[in-house]
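Below you'll find the structure, written out as structure tokens, and then a few comments.
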Amino acid sequence: MKRLLILGAGTAGTMMANHLKPVLGKDEWEITIAEESKVHYYQPGYIFIPFDMYTPEEVCRPTEEFIPEGVNLVNKKIDRILPDDNKVLMEDGSEIHYDILIIATGTHPSPEETHGMLGSQWRKAIFDFYTFDGSVALRDKLRDWPGGKFVVHIAEMPIKCPVAPLEVAFLADSYFAEKGIRDKVEISFVTPMSGAFTRPKAARAFEHILVEKNIKIIPDFAVERVDNEDKKIIDYGGTEVSFDLLVTVPTNKGSAVIERSGFGDDLNYVPTHKGTLQSKVKPNIFVIGDASDLPTSKAGSVAHFEAEILTENIQRYIKGEPLMDDFDGHANCFVETGEGKALLLDFNYNQEPVEGTFPIPGVGPLRLLKESRMNHLGKLAFRWIYWNMLLKGANVPFVSSHMTEEGKKIENKK
Amino acid sequence: MEKTIAGKTVEVNEEGYLTDQSQWTREVAEAIAGEEGIDLTERHWAVISYLQDQHKQGVALSIRKIGKSGVIDIKEFYQLFPNGPLKISTKIAGIPKPASCI
Ligand SMILES: Cc1cc2nc3c(=O)[nH]c(=O)nc-3n(C[C@H](O)[C@H](O)[C@H](O)COP(=O)(O)OP(=O)(O)OC[C@H]3O[C@@H](n4cnc5c(N)ncnc54)[C@H](O)[C@@H]3O)c2cc1C
């Protein structure tokens, strides 16, 4: 019996277990998945919890509920990978041998990377919403917050779901308006990027919305430290931004497993071939989701597109055939813009987000890069799709793993 | 598009980054730096050659990487190239603007 071992039962690892179970011969292959958390969190829901749009219960389900019959779930903390011995060491000292390894350990906020972030104001006037606890704590804070300087902040790129901070700024605008205190709140958006987003067309679209909502953008801000006493963030160039409530997205880092294993980059991401998803560490190690160093967005939708290609490549690898080398970095993100609207981005390694219709070219019903109520409904439907289709490895109708250029207004086509 | 920098015609993109690195010279670098209000010193040149070297090796550049480079710390990087040091220094070095990940 051979063993395929998956590390991490988050979005990507769970999908892979579901994809691979039916296709790997059950007399030849045993599938094991290791995960420390008993709860599977729907992370996209973290942007809604602070504004009382989702309850905390709505984003939590038992991890094991999504692990298919016949796949062995090991509920333990992973210590490190020993690639030369084809085995993984668990924190309790036990070992798991593998023939093929899939790394799906994701990325997580690391506030300790910024001097002063975890100071006396942490969870008093400084909140992060990239964790379940953080988003609930922010909700409690906002419920009776009287107003003041509300600063949404990104510490460092890359972060997973890079549009989430913008969404929180937009939703905050609606939330305070509904509460009747918008005039008492000054919202600003502080980013290390040169604009609201890195891809120019989308950046322009977002900057337009920011202006419309009277949200001030402070770009090119690389935070050096947080001053807890005077409540301000200070960048390396000396620029200061003061806050009454700082909603920050700390530096995101890959799992400490990768660091302990000794093969990650500066931020613990695993060097990965961008077309095949095979790691550069060893041929029998593959990477999916936020754990890789691929130059595309870290998002659940990306992991979903990757899963199709990785499922194919695992089977080819087993048969000794050449791997499919065509993952294109496809990402597809709904962006909440407040007031019951959202916009939609569809892009890949080479094609920046542009306007158009989706998923059916020329028809829609969703509009790319334009705000609409339909897109918002799409975003809300995403939670249902996530629990009921994505994790279980079902295909999402009309949406293929490769980005399509049809229905998009593309200028200067190469 | 074409632009004349330091008496030399070079190809640049809409943000003013050279699109053909073979057109880069020290004089071009000095002229671009001048447009940014920077007088290049030995320290600047050390950073510029580090950036060019990293680019040649295909390394994706970030502020964090530069802070760990041993060539310069982040504080000094900001002092040398104020207001967005990464985008300004890469422009002067004649290499593409780093796409801080999407
Ligand atoms: C606020 C927010 C909003 C988002 N919005 C969207 C959105 O609208 N659309 C979208 O597509 N994506 C969105 N995302 C991103 C999406 O949630 C992630 O990209 C996706 O979950 C990545 O899946 P993954 O499996 O790579 O990582 P994860 O789902 O994070 O899973 C990694 C798993 O590895 C486990 N693990 C790590 N280390 C260890 C260890 N040492 N031992 C045992 N287990 C370990 C973790 O417990 C975790 O369960 C959002 C994320 C956030 C934070």
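Values below: all heavy atoms of this structure, side chains included; hydrogens, waters and symmetry mates excluded. If you're wondering where the values come from, they're calculated on a predicted model, not measured in any experiment.
For A:T251, the part sitting under 4.5 Å from any heavy atom of chain B is the side chain, from C-beta outward, and nothing else. The parts of B:K65 that come within reach of chain A are both its backbone and its side chain, each placing non-hydrogen atoms under 4.5 angstrom from that chain. Heavy atoms of B:K87 lying under 4.5 Å from chain A belong exclusively to its side chain. Within the 4.5 angstrom heavy-atom criterion, no atom of A:E352 approaches chain B.
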May I have the list of side-chain donor-acceptor pairs in residues 28-36 of chain B shorter than 3.5 Å, sequence neighbours left out?
{"unit_1": "B:E35", "atom_1": "OE1", "unit_2": "B:K3", "atom_2": "NZ", "d": "3.2"}
{"unit_1": "B:E35", "atom_1": "OE2", "unit_2": "B:K3", "atom_2": "NZ", "d": "3.2"}
{"unit_1": "B:E36", "atom_1": "OE2", "unit_2": "B:K91", "atom_2": "NZ", "d": "3.4"}

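One side chain, A:S194 or A:D220, offers a donor N or O that lies under 3.5 Å from an acceptor on the other. Remark: the A:H304 side chain and the A:S301 side chain contain no N/O donor-acceptor pair separated by less than 3.5 Å.
Residue pairs meeting the salt bridge (charged side-chain N to carboxylate O under 4.0 Å, His left out) criterion with at least one member in residues 51-63 of chain B, sequence neighbours excluded, do not occur.
Chain B forms the most heavy-atom pairs under 4.5 Å with one residue out of A:A222, A:G329, A:A299, and that residue is A:A222.
In this pair, A:F305 and A:H330 present their aromatic rings parallel. The plane angle is below 30°, not in the 30 to 60° band.
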